[in-house]
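What follows is a single structure, written as structure tokens, with notes after it.
In what follows, chains are A, B, ... by sequence order, proteins preceding strands, each numbered from 1.
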2 protein chains.
Amino acid sequence: MDTRIIDTLKRNQLSVTDSRKKILELFLDQQTALAHADIELQSGEDFDRVTIYRTLQTFVEKGIIHSIPSADNSVRYALCKDACSEGHHHDNHVHFMCDTCLTTYCLDHVTVPTVVLPEGFQVNQVDVVVSGKCLKCS
Amino acid sequence: MDTRIIDTLKRNQLSVTDSRKKILELFLDQQTALAHADIELQSGEDFDRVTIYRTLQTFVEKGIIHSIPSADNSVRYALCKDACSEGHHHDNHVHFMCDTCLTTYCLDHVTVPTVVLPEGFQVNQVDVVVSGKCLKCS
DNA sequence: TACACAAATGCAACATTGTTGCATAATATT
DNA sequence: AATATTATGCAACAATGTTGCATTTGTGTA
């Protein structure tokens with residue numbers, strides 16, 4: 001068992017439970033974003049759907065994962081890396097969703113460009129959602 | 001009745017029906033994005049939910065409206081302006097969602113910045129979703 | 001290690017959102 | 001005005017998300 005899993009949970013003052021360990025493991029094992037349905041399928045041992053919803057919600061609140069906007073009614077989540085995992089929830093991100101395989105990536109190292117808005121709009125967070133073909137599908 | 005409504009429907013080879021007229025009118029009357037639920041509430045005369053879903057779907061296919069990604073499980077739609085309305089579906093957009101009142105704007109005139117992606121990713125479309133405080137709420 | 005407290009889970013029931021097939025009604029075409 | 005085409009409404013269903021509460025599990029402490 002990856003020690004990062006228990007470390008992360010403890011650092012965030014969360015009880016170490018089976019579902020949390022397993023769900024966090026799924027995120028650590030793959031570099032892509034996961035939707036609720038993915039987790040339900042991949043978790044093997046079946047946790048109650050409610051537990052998965054609540055776990056995701058808790059992880060978002062603690063800044064362990066963040067949600068990725070999408071236009072297809074399926075919110076996905078991805079691990080917050082480095083800086084973000086220390087509690088800076090309001091980070092900007094570039095996300096990429098493959099039109100073909102629907103795999104979604106959080107591109108941490110891509111810098112979010114500055115957006116200039118009309119007078120009167122106060123910017124809090126900027127999410128860039130790029131779609132196209134990913135490495136595997138092109 | 002706004003002649004733009006019937007014009008737009010005919011230009012897109014769509015039968016002119018009550019629900020399509022009403023829904024298109026809602027989009028034309030307000031400058032903000034609408035979710036399915038908003039339309040259901042605002043349409044007054046109640047159309048079947050299925051009709052609303054199908055109308056939105058048809059409008060998206062014809063390029064009359066476009067969907068806006070969101071992180072809260074509620075896809076919103078906004079009118080495609082000028083260039084876009086002539087059939088160029090794959091336009092890039094900057095959208096703004098107010099954290100306070102949840103009103104969503106399609107900022108047509110704001111230019112979408114260029115995003116540089118890692119080797120191997122082919123860009124098709126770029127959506128920028130900005131959140132913060134809107135004109136009214138700041 | 002055992003105990004008590006706090007917290008998370010699972011279940012049930014429900015609410016919301018989205019989809020499909022088909023008969024009926026409305027619109028378009030001649 | 002008559003016919004062909006298309007959209008609507010209904011019903012039934014599927015998927016997704018939420019809430020309250022009893023039970024179980026984890027945590028901190030003696």
Side-chain angles (χ1 to χ4, degrees), chain A residues 1 3 5-26 33-62 64-77 102 104, chain B residues 1 3 5-26 33-62 64-77 102 104:
Chain A
M1 168 69 69
T3 64
I5 293 173
I6 291 174
D7 288 352
T8 303
L9 292 175
K10 295 214 162 162
R11 174 163 19 96
N12 286 283
Q13 298 169 308
L14 294 173
S15 324
V16 179
T17 66
D18 288 348
S19 63
R20 286 177 181 166
K21 279 189 289 183
K22 184 65 187 179
I23 293 175
L24 190 47
E25 188 183 26
L26 288 176
L34 297 172
H36 173 95
D38 300 320
I39 293 168
E40 209 170 341
L41 285 174
Q42 294 181 27
S43 60
E45 343 147 32
D46 42 13
F47 301 110
D48 197 273
R49 286 186 324 114
V50 179
T51 301
I52 298 177
Y53 281 117
R54 290 200 266 231
T55 302
L56 289 172
Q57 199 174 302
T58 303
F59 283 1
V60 169
E61 279 162 11
K62 293 294 185 177
I64 299 171
I65 60 175
H66 61 273
S67 67
I68 302 177
S70 88
D72 72 343
N73 277 310
S74 66
V75 175
R76 273 158 245 265
Y77 300 89
L102 298 182
T104 303
Chain B
M1 166 71 68
T3 64
I5 292 173
I6 290 173
D7 289 352
T8 303
L9 291 175
K10 296 212 162 161
R11 177 164 15 99
N12 287 283
Q13 298 169 308
L14 294 173
S15 323
V16 179
T17 66
D18 288 347
S19 62
R20 285 176 183 166
K21 279 189 288 184
K22 185 65 187 177
I23 292 174
L24 190 47
E25 189 183 26
L26 289 176
L34 297 171
H36 173 94
D38 299 321
I39 293 168
E40 209 171 340
L41 285 174
Q42 293 182 27
S43 61
E45 344 147 29
D46 41 12
F47 302 111
D48 197 274
R49 287 187 322 114
V50 179
T51 301
I52 299 177
Y53 280 117
R54 290 198 266 229
T55 302
L56 289 172
Q57 202 174 301
T58 304
F59 284 1
V60 169
E61 280 161 11
K62 293 294 186 179
I64 299 171
I65 59 176
H66 61 272
S67 67
I68 302 177
S70 87
D72 73 342
N73 277 309
S74 65
V75 175
R76 273 159 243 266
Y77 300 89
L102 297 183
T104 303

Using atom CD1 of A:Ile52 as one end and atom P of C:dA8 as the other, report the distance to the nearest whole Å.
16 Å

Between D:dT5 (P) and B:Gln13 (CD): distance, integer Å
16 Å

Would you mind reading off the distance between B:Asp48 atom CG and D:dA7 atom C1', rounded to a whole angstrom?
12 Å

What is the distance from CG of A:Leu9 to P of C:dA8, rounded to the nearest Å?
11 Å

Between B:Phe59 (CZ) and D:dA7 (C1'), how many Å, whole number?
12 Å

Correct closest heavy-atom pair for A:Ser67 and A:Val75 would be CB-CG1, 3.7 Å

In terms of heavy-atom contacts, B:Lys62 and B:Leu14 come closest through CE-CD2, 3.7 Å

For each nucleotide in nucleotides 17-30 of chain D, reading 5' to 3', give B when a protein heavy atom comes within less than 4.0 Å of its base, S when such contact involves only the sugar-phosphate, and - otherwise.
BBBB-----SS---

Nearest 0.5 angstrom please: A:Thr17 OG1 to A:Phe47 CZ, how far?
7.5 Å

Under 4.0 Å between any heavy atoms, over every strand shown, what does B:Ser19 touch: base, sugar-phosphate, or nothing? Just pick one.
sugar-phosphate

A:Ile39 side chain reached by A:Thr55 side chain, heavy atoms, under 4.5 Å:
no

How close or far is atom C1' of C:dT9 from atom CD1 of A:Ile23, stated in whole angstroms?
12 Å

Could you report the tightest heavy-atom contact between A:Ser74 and A:Ser70, atom names first, then the distance?
O-OG, 3.2 Å

Sub-3.5 Å donor-acceptor pair from the side chain of A:Asp48 to the main-chain atoms of A:Val50, do we have one?
yes

Closest non-hydrogen atom pair, B:Ala33 against B:Asp38:
O-OD2, 4.3 Å

Five pairs at each end of the helix from C:dT1-D:dA30 to C:dT30-D:dA1: take the axis at both ends and give me the angle between them to 10°.
40°

Starting at atom CD of A:Glu40, determine the distance to atom P of C:dG10, rounded to an integer number of angstrom.
12 Å

Separation of atom NZ in B:Lys21 from atom C1' in C:dT27, rounded to whole Å:
11 Å

Distance-minimising heavy-atom pair for A:Arg49 and A:Glu40:
CG-OE2, 2.9 Å

Where is the tightest heavy-atom contact between A:Arg20 and A:Phe59, given as atom of each residue plus distance?
O-CZ, 3.8 Å

